[in-house]
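I have placed the structure first, in the form of structure tokens, so that the comments after it can refer back to it.
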Amino acid sequence: MILSQKNLNISESLTLAIDAKAKKMLSEGYDVIGFGAGEPDFPTPDYIIQAAKNALDQGLTRYTPSSGILQLRKAICRKLERDNHIVYTPDEIIVSNGAKHSLYNIFQAILNPGDQVLIPKPYWLSYPEMVKMADGIPVFIDTKEENCFKVTRDDIEKAINPNTKAIILNSPSNPNGCVYKKEELEVIAELAVKRGLFIVSDEIYEEMVYDETQHVSIASLNDKVKELTLTVNGMSKAYAMTGWRIGYVAGPLDVINVMSNIQSHSTSNPNSIAQYASIAALETPKEKIQEMVSVFDERRLYMVEKINSIPLLSCKLPKGSFYVMMNISQAIGKRHGNTLINGSISFADALLESKKVTIVPGIAFGADLFVRLSYATSMDKIQKGLDRIQQFMEELV
Ligand code: PMP
Ligand code: GLU
């Protein structure tokens with residue numbers, strides 16, 4: 001049988017695959033240190049669990065409106081106004097099965113065959129695949145490590161052509177931790193308005209910002225840019241709710257309506273219990289989040305300092321999310337045992353094989369001279385894992 005040509009071209013999510021591999025090796029008794037996972041290592045806060053239990057006790061276990069219950073969409077509107085200074089009405093919000101699903105729906109709703117989507121590189125690995133699944137063409141924009149992996153006006157202008165439909169912004173970024181400043185967003189916003197581009201603004205790491213860094217939502221800049229922006233967020237990272245699968249989009253009514261229709265025929269509503277729990281998450285003061293963020297901050301500082309003390313490795317201090325992009329360019333061409341390190345995959349494979357440490361090869365994010373380490377794991381494991389990386393580097397010849 002001939003399968004779908006379009007979807008045969010879609011690769012597996014390497015981040016999920018590596019995470020699953022690390023969890024499997026752990027369950028088999030291997031002493032694995034996992035820097036692969038993009039998921040908070042904290043439990044979901046008690047008050048959220050309690051709200052889910054209450055929803056179960058109240059029998060709130062039936063189908064809900066496909067785009068999410070009104071109470072949750074109202075809570076999201078309040079959150080966006082309070083935290084992000086953007087005013088939306090509940091019908092401009094759609095709740096989906098995680099922000100990944102939200103993004104998938106967006107591309108299905110806005111793209112026609114051949115439409116191009118600008119994606120700054122290094123990028124979160126699912127963006128290009130989701131664009132392709134919607135018959136679009138991902139167009140990558142190179143960035144520089146010295147410029148904190150951010151795109152400039154020039155970079156974008158060079159990449160725009162009449163087929164350009166949208167640009168993806170992910171600030172704070174996975175995988176590189178960059179956070180765009182207001183002035184930098186203003187430049188991108190002005191260009192998007194001038195050229196009539198949608199802005200897909202993935203803000204799922206908004207709470208994870210460090211050193212006085214402020215997260216700014218591009219849709220908050222002015223009404224014209226708001227009309228073109230799809231603001232994406234979700235519960236996974238800020239509330240340690242990766243398994244609950246709740247994400248959402250706020251955006252122009254016509255796009256949200258198309259997304260709602262798609263969702264009504266594909267998944268129907270996201271889990272009813274998780275929706276009620278998400279209201280509690282959004283409406284409770286943020287002490288728990290702040291505690292998590294300060295723990296991440298400590299780990300971030302330790303990790304960056306340690307990496308920069310290891311010969312042939314380096315990294316910049318990320319301002320947001322919970323990832324570090326480690327530059328391995330000076331290890332390329334060296335050998336570990338019989339393995340020639342010729343890129344991020346051989347580096348990651350040799351490290352796992354010899355030291356039982358998992359990391360994500362940068363090639364998955366379009367950056368083969370880097371590997372990604374997540375610090376969403378305990379300080380003890382970070383120390384042990386980095387010591388093992390140091391030994392690995394010392395063994396290179
Ligand atoms: N965007 C980015 C940049 C991410 O790293 C993730 C990670 N899971 C998501 C979106 C999707 O998150 P979720 O589907 O768990 O809400
Ligand atoms: N987003 C996380 C990561 O990049 C989780 C895995 C995934 O959804 O791809 O590791």
- Message: Quick check on Asp46: does its CG atom have over 12 non-hydrogen neighbours (other residues, nucleotides or ligands) under 6.0 Å away?
- Response: no
- For side chain to side chain donor-acceptor pair (under 3.5 Å), just list the numbers for Ser11 and Glu129, CA-CA rounded to whole Å, side-chain angles, deciding distance to a tenth of an Å, and then say yes or no. CA-CA 7 Å; Ser11 60; Glu129 303 309 278; 3.2 Å; yes
- Task: Drop me the distance from Leu386's CG to Met326's CE, to the nearest 0.5 angstrom.
- Result: 8.0 Å
- Message: So, taking the atom named CD1 in Ile141 and the one named CD1 in Ile167, what distance separates them when rounded to the nearest 0.5 Å?
- Response: 4.5 Å
- Item | Candidates Lys355, Lys306, Lys381 - the one meeting salt bridge (Lys or Arg N to Asp or Glu O under 4.0 Å) with Asp387 | Lys306
- Query: Which heavy-atom pair separates Met259 from Ser102 by the least distance, and what is that distance?
  - Reply: CE-O, 3.7 Å
- Does Leu118 belong to the same Ile/Leu/Val/Met/Phe/Trp/Tyr cluster as Ile110, with side-chain heavy atoms less than 4.5 Å apart forming each link? no
- Donor + acceptor pair across side chains of Asp380, Ser378 (<3.5 Å): no
- Taking all non-hydrogen atoms of both residues, which atom of Glu145 and which atom of Cys315 are closest, and how far apart? OE2-CA, 4.4 Å
- Message: Is there a side-chain contact between Leu313 and Ile328 in this structure, where contact means two heavy atoms from C-beta onward sitting under 4.5 Å apart?
- Response: yes
- Please confirm whether the backbone N or O of Asn112 pairs with a side-chain atom of Lys165, one donor and one acceptor, at under 3.5 Å? no
- Task: Go through the side-chain N and O atoms of Thr152 and Asp154 and say whether any donor and acceptor fall under 3.5 Å apart.
- Result: no
- Do the side chain of Glu203 and the main chain of Thr231 share a donor and acceptor less than 3.5 angstrom apart? no
- Query: Quick check: are there more than 12 heavy atoms from other residues, nucleotides or ligands sitting under 6.0 Å from CD of Glu305?
  - Reply: no
- Flag side-chain contact, heavy atom, 4.5 Å: Ile199 against Leu197: no
- Do Tyr323 and Val360 have side chains that get closer than 4.5 Å, going by heavy atoms? no
- Where do Asn7 and Lys132 land on the side chain to side chain donor-acceptor pair (under 3.5 Å) test, with the steps shown first? CA-CA 8 Å; Asn7 289 315; Lys132 288 193 277 174; over 6 Å; no
- Message: Could you report the tightest heavy-atom contact between Thr229 and Ser201, atom names first, then the distance?
- Response: CG2-CB, 4.1 Å
- Take atom CD in Glu394; do more than 12 heavy atoms of anything else shown fall under 6.0 Å from it? yes
- Message: How about NZ on Lys356, more than 12 heavy atoms from neighbouring residues, nucleotides or ligands closer than 6.0 Å, or not?
- Response: yes
- Message: Looking at Tyr180, is its backbone amide N or carbonyl O close enough to the side chain of Ser171 to form a donor-acceptor pair, meaning the two atoms are under 3.5 Å apart?
- Response: yes
- Task: May I ask you to decide whether Lys23 forms a salt bridge with Asp19, counting only side-chain N to carboxylate O separations under 4.0 Å?
- Result: yes
- Message: Are there over 12 heavy-atom neighbours, none belonging to Lys6, within less than 6.0 Å of that residue's NZ?
- Response: yes
- What's the verdict on side chain to side chain donor-acceptor pair (under 3.5 Å) for Ser67 and Ser260, showing C-alpha distance, side-chain angles and the deciding distance? CA-CA 6 Å; Ser67 329; Ser260 300; 3.3 Å; yes
- Taking the six-membered ring for Trp, are Phe392 and His336 parallel (under 30°), tilted (30 to 60°) or perpendicular (over 60°)? parallel
- Query: Do any N or O atoms from the side chain of Thr339 and from the backbone of Arg335 form a donor-acceptor pair under 3.5 angstrom?
  - Reply: no
- Say you draw a straight line from SG of Cys77 to CG of Leu282; how long is it, rounded to the nearest 0.5 Å? 11.0 Å
- Message: Any side-chain to backbone donor/acceptor pair from Tyr210 onto Ser321? Under 3.5 Å, distance only.
- Response: yes
- Message: Please give me the minimum heavy-atom distance between Ile18 and Pro361, naming the atom from each residue.
- Response: CD1-CD, 3.6 Å
- Task: Would you kindly confirm whether Leu221 and Ile168 end up in one hydrophobic cluster when ILVMFWY residues are joined by side chain heavy atoms under 4.5 Å apart?
- Result: no
- Task: Would you mind reporting whether Asn174 and Arg372 have side-chain heavy atoms less than 4.5 Å apart?
- Result: yes
- Look only at the side chain of Ser272 and the backbone of Leu60, and say whether a donor-acceptor pair between them is shorter than 3.5 Å. yes
- Item | Greater than 12 external heavy atoms within 6.0 Å of Tyr47's OH | yes
- Item | pair Ser220-Asn84: side-chain heavy atoms closer than 4.5 Å | no
- Query: Between Asn233 and Ile204, what is the shortest heavy-atom contact and its length?
  - Reply: OD1-CA, 3.6 Å
- Query: With side chains defined as the heavy atoms from C-beta onward, is the minimum distance between Arg300 and Leu317 less than 4.5 Å?
  - Reply: yes
- Message: With rounding to the nearest 0.5 angstrom, report the CD1 to CG distance, Ile160 to Leu191.
- Response: 4.5 Å
- Message: Within the 4.5 Å heavy-atom criterion, are Lys21 and Thr358 side-chain neighbours or not?
- Response: no
- Message: Assess the residue pair Tyr127 and Phe107 against the criterion (ring pair (Phe, Tyr, Trp, His ring centres under 6.0 Å)); give the C-alpha distance rounded to whole Å, side-chain angles, the decisive distance to 0.1 Å, and a yes or no.
- Response: CA-CA 9 Å; Tyr127 297 141; Phe107 298 117; 7.3 Å; no
- Query: Without hydrogens or angle criteria, can the side chains of Glu92 and Thr89 be said to hold a donor-acceptor pair below 3.5 Å?
  - Reply: yes
- Item | Glu190 bridged to Lys194 by N-O distance under 4.0 Å | no
- Output, in order, the C-alpha distance, side-chain angles, deciding distance and verdict of side chain to side chain contact (heavy atoms under 4.5 Å, CB included) for Lys384 and Val357. CA-CA 10 Å; Lys384 266 197 209 141; Val357 172; over 6 Å; no
- Query: Between Thr213 and Val209, is there a donor-acceptor pair closer than 3.5 Å when you use the side chain of the first and the backbone of the second?
  - Reply: no
- Evaluate side chain to side chain contact (heavy atoms under 4.5 Å, CB included) for Phe35 paired with Met303, printing each intermediate quantity in order. CA-CA 11 Å; Phe35 288 125; Met303 188 177 258; 3.7 Å; yes
- Mutual orientation of the aromatic rings belonging to Phe140 and Tyr123 [parallel < 30°, tilted 30-60°, perpendicular > 60°]: parallel
- Heavy-atom pair of closest approach, residues Leu125 and Ala364: CB-O, 3.2 Å
- Item | Inter-residue atom distance Ile262.CD1 - Thr267.OG1, 0.5 Å rounding | 10.5 Å
- Among Glu291, Glu207, Glu206, which one satisfies salt bridge (Lys or Arg N to Asp or Glu O under 4.0 Å) with Lys286? Glu207
- Query: For Pro172, does its backbone N or O pair with a side-chain atom of Asn170 as donor and acceptor, under 3.5 Å?
  - Reply: yes
- Is the CZ atom of Arg62 crowded by more than 12 outside heavy atoms at less than 6.0 Å? no
- With a 4.5 Å limit on heavy-atom distance, are the side chains of Val139 and Thr164 in contact? no
- Which distance, rounded to the nearest 0.5 Å, do you find between the CG of Asp115 and the CG of Asn163? 7.0 Å
- Neighbour count above 12 (heavy atom, 6.0 Å) for Glu353 CD: no
- Heavy-atom donor-acceptor pair, Thr143 side chain to Lys121 backbone, under 3.5 Å: yes
- Of Phe347, Phe365, Phe149, the one forming a ring pair (Phe, Tyr, Trp, His ring centres under 6.0 Å) with Phe370 is Phe149
- Query: Distance-only, no hydrogens or angles: does the Asn308 side chain make a donor-acceptor pair with backbone N or O of Val304 under 3.5 Å?
  - Reply: yes
